[in-house]
Amino acid sequence: MSQQHCQILTRAGFSLPSKCILLLALLLAAALLNDVAFAKEKTIGAADFHRQGAGQREIRLGMSADFSGSARALSIELYRGAMAYLLPINNAGGVNGTRIAITAYDDLYEPDLTIHNTLKLMDEDDVFALFSYVGTPTMNRTLPLLRMHQAKNFLLLFPFTGAGTNRIPPYDQLSFNLRASYDQETMGLVDHFVAANRTRMAVFYQADAYGRAGWAGLRKALVKHALEIAGEATYTRGSLFDQSYDRQVAIMQRLQPDAVVCVGTYPVCAGFIRDMRDRSVDCPVATISFVGSGAMLKLLSVAEREFNKDYTSRLVSSQVVPSYHDNSLPAVQEYREAMDRYRDAIMPPDSLLYPHGRTAEREYAPPPYGFISLEGYLNAKLLVAILQGMGIDPRRADLAETVLNMGNFDLGIGQQLSFGGDTVRRQALDQVYYTVVRDGHYVPLRDDEWEAWAKR
């Protein structure tokens with residue numbers, strides 16, 4: 001007997017047969033369970049989000065990044081920061097009644113896996129847009145796929161890379177960037193080092209598209225000062241902290257540079273700096289934003305305690321977001337509160353972090369705050385601002401035009417950002433911030449403090 005039949009009998013004044021009573025009891029239990037599920041949904045975490053929200057409209061973003069390989073901290077923190085913004089938005093009903101989910105796949109920072117993940121995200125998952133991809137070599141293999149799917153209006157939003165590939169033709173129409181470029185980061189480093197009379201600059205870089213992008217930015221910046229790269233050393237993508245970098249350090253010993261610019265990932269740059277200092281190469285070392293300065297500093301700090309040596313002095317790192325210590329900025333206040341409140345709920349699923357099973361050796365301990373998770377938070381905040389302008393039925397076909405027509409906007413970081421305009425601008429932020437290590441943390445380096453780095 002159906003629910004409809006029971007309702008008809010009841011309205012007609014008939015006593016309910018046992019089947020109706022049983023059915024109504026089941027329906028009552030289901031309703032109670034739904035109430036419990038709704039209460040749980042209000043505090044749902046990132047790892048369980050894909051199992052919730054049935055029947056509610058949803059926008060899916062596609063993310064391919066290294067969640068379990070040598071550079072995992074970059075992807076995990078970018079994801080955590082984004083979810084710290086999206087989680088309360090979803091708990092409050094979403095954007096214009098639509099929840100936002102991130103469908104993330106692990107690519108181990110390997111371009112071939114990124115191709116596989118991207119095709120799955122576009123062809124099978126039919127995501128609204130690609131979001132917060134991590135890395136230059138992986139992004140570079142994604143852009144041709146976007147071009148092949150151009151008729152479907154897929155875009156890459158706010159990748160974690162400052163490479164020029166998606167900033168110049170033929171791929172500049174397929175992406176939008178929040179962060180400043182590697183050219184801008186290296187230009188600022190070179191300008192400051194030259195002003196400090198440090199003109200012999202060497203470079204240590206990853207032997208792939210990412211490393212070459214940083215190398216090219218450094219070379220371009222030096223040419224402006226009629227200088228050349230003093231020498232270079234490379235390493236293979238996927239190298240680890242625990243291996244030896246004596247071969248690369250030997251090159252620096254011969255060169256005796258005034259400064260070394262590192263274009264690498266955090267485990268490699270930490271290992272290289274450790275080995276440099278062990279062999280008394282004491283010149284300043286600069287890293288760019290992709291390194292993941294917080295994760296690098298953690299490795300070096302542990303090594304300092306283990307070997308009772310100084311591995312964290314004379315380090316400078318360029319950043320593309322403000323300091324996460326700067327509570328005078330509204331966005332930083334919001335970010336810190338969200339990271340505190342949702343600390344456990346914003347972790348990626350264990351299936352991403354531990355594909356071969358969770359072990360003590362592979363356990364990831366998230367820092368409370370950091371530059372990368374702040375960037376992820378700002379990525380998500382900007383995305384929500386875009387979606388709010390697209391109404392209740394956002395379409396991929398309208399995404400690019402919506403972004404380009406945003407005009408000036410404020411994310412709460414103390415400056416106006418913009419897309420579009422006469423130059424059809426596709427990068428919102430140009431400012432680069434410089435930081436040094438003090439009391440175990442990277443803190444802002446003011447322009448007037450560079451004098452302390454001067455070569456005497």
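Counting from 1, the numbers follow the sequence of the chain as shown.
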Would you indicate whether N405, at its atom CG, is surrounded by more than 12 heavy atoms from other residues, nucleotides or ligands within a distance under 6.0 Å? yes
Between F409 and F419 (judged by ring centroids, cut-off 6.0 Å), do the two rings come close enough to count as a pair? yes
With rounding to the nearest 0.5 angstrom, report the CG to CE distance, D282 to M276. 8.0 Å
Flag the pair E77 and K298 as a salt bridge only when some basic side-chain nitrogen lies within less than 4.0 angstrom of an acidic carboxylate oxygen. no
Using a strict cut-off of less than 4.0 Å between a Lys/Arg side-chain nitrogen and an Asp/Glu carboxylate oxygen, indicate whether D350 and R358 qualify as a salt bridge. yes
Give the table of side-chain donor-acceptor pairs shorter than 3.5 Å for residues 144-157, with sequence neighbours excluded, one pair per line with atom names and distance.
unit_1	atom_1	unit_2	atom_2	d
H149	ND1	L145	O	2.9
H149	NE2	D123	OD1	2.9

About how many Å separate OG1 of T312 and CD of E304, when rounded to the nearest 0.5 Å? 3.5 Å
Whether over 12 other heavy atoms sit under 6.0 Å from E401 CD: no
Charged N-O contact under 4.0 Å between R425 and D430: yes
Taking 4.0 angstrom as the limit, do R426 and D172 come out as a salt bridge? no
Residue that, paired with T114, satisfies side-chain hydrogen bond (donor to acceptor under 3.5 Å, both in side chains) out of D107, T142, T138: D107
When you check the gap from the basic side-chain N to the acidic O, do D393 and R57 get nearer than 4.0 Å? no
Does CZ in R341 sit with more than 12 non-hydrogen atoms of other residues, nucleotides or ligands closer than 6.0 Å? no
